[in-house]
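Structure record follows, encoded as structure tokens.
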Amino acid sequence: MDWTPSREDFNHYMLPNYKPQAVVPVRGEGSRLWDQDGEEYIDFAGGIAVNALGHCHPALVEALTTQGQQLWHLSNVYTNEPALRLARTLVEATFADKVFFSNSGGEANEAALKLARRYAHDKFGAHKDKIVSFRRSFHGRTWFTVSVGGQEKYTQGFGPVPGGIVHGEYNDLESARELVDANTCAIMVEPVQGEGGVTPGDPAFLAGLRQLADDYDALLIFDEVQCGVGRTGELYAYMGYGVTPDILTSAKALGGGFPIGAMLTTDKVAEVFVVGTHGSTYGGNPLACAVALAAVETIGRPDVLAGVAQRAAIFREELERINAKYDCFADIRGKGLLIGAEFNERYHEQGRATLAAAIKQGLMLLVAGPNVLRFAPSLIIPENDIREGMAKLDAAIGTLDLTS
Ligand SMILES: Cc1ncc(COP(=O)(O)O)c(C=O)c1O
């Protein structure tokens, strides 16, 4: 068909639940992208914390093309070699004994929540169904996960929210203590809150949740969809905290850009998911698992993991420099290469405006709420791309109109 789609065609053909930027990227390599007009961009977003090895990493392209010529899909009526290889790799690298594959983070969390409910039901009785989660958390857009997530704006207007879900304050152990009781089946938490503002969990808070879960026979679920697979400098963030969950969910960086999610758990918990209790047509398909295996093996290399702290230090140094120049940030925080820069009063809620200004300078950024710039770049972004991208951010902030 002789037709080049444009940004305007989005409004014509697609539902208005997104508002994409004006440019349409068509090609990516490493931490750089090019749009339809050949304009170049530096990528500090990585999709949304997904392209952890940048765009079109050779190991991922190789895995995709090799598998693409062998076998794409089977359904779970059969198992397949890439899924088994990936499951074994994840089991050997983590606390987990068993893995369930999905296609996204939301589905991995949906599976985790269902598993926790079913475990409590089978082991303790139907009364034990309370799920404790935290405000500002984000766990996905399925009806269950959006209800467990701690942001009301995502459930408003969709009808009755499922019962048995309560929310405490993140990093406030006392508020969790007030909610967790004998009827609690699960405590769900992001070790580092991503969408909610890039807020790292306090070590004492996460350790306290582990203790609470143990005291009340509840399962501790770590949602590592955004902070997992190398982003914090550990393969999974829980490793750095020394707090081990009963269930862990993973997605985003797991596939390096190819859709896949995973739920990891122990033998003891996994056994309640007997044949027929849960499933997915595409979950664990050979294509996704082959790419994810290449991603996990590459990201898990000691040099890649060690490089995260070095790159994070450069990001922070550059952000401090920009802050010294403009006095724009109240806080620069995060863990590894998941970094948030919160605007101060003078720059209040300039997040979206900065994103648009950055695109004009040739830089892709993210926000986490209206007041926080979020950085989730490739874990192997070269130093000169960081410096060049930060010069563009500097220029973008310089163009902001603070009177508007
Ligand atoms: C912590 C966390 N959990 C779950 C999700 C949902 O993942 P997905 O969009 O792949 O369903 C996200 C997505 O941003 C996330 O950040």
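This structure is a prediction, so every number in the text was calculated from the model and none was measured. Both ligands and their constituent atoms are indexed starting at 1 by order of listing.
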(message) Main chain of Gly197, side chain of Arg136: is a donor-acceptor contact present, judged purely on distance under 3.5 Å?
(response) no
(message) Please give me the minimum heavy-atom distance between His127 and Asn183, naming the atom from each residue.
(response) CD2-OD1, 3.2 Å
(message) Using 0.5 Å steps for rounding, measure from the NE2 atom of His348 to the CZ atom of Phe343.
(response) 11.5 Å
(request) For a side-chain contact (heavy atoms from CB on, under 4.5 Å) with Asn109, tell me which candidate from Ile247, Thr249, Val148 qualifies. (result) Thr249
(request) Please examine the side chains of Thr265 and Phe273, heavy atoms only from C-beta on, and report whether any two atoms are closer than 4.5 Å. (result) no
(request) Select all protein residues for which some heavy-atom-to-ligand 1 distance is less than 4.0 Å, and list them by chain and number. (result) Ser104, Gly105, Gly106, Asn109, Phe138, His139, Gly140, Glu190, Glu195, Asp223, Val225, Gln226, Lys252
(request) Could you check whether the rings of Phe100 and His278 sit parallel, tilted or perpendicular, using 30° and 60° as the cut-offs? (result) tilted
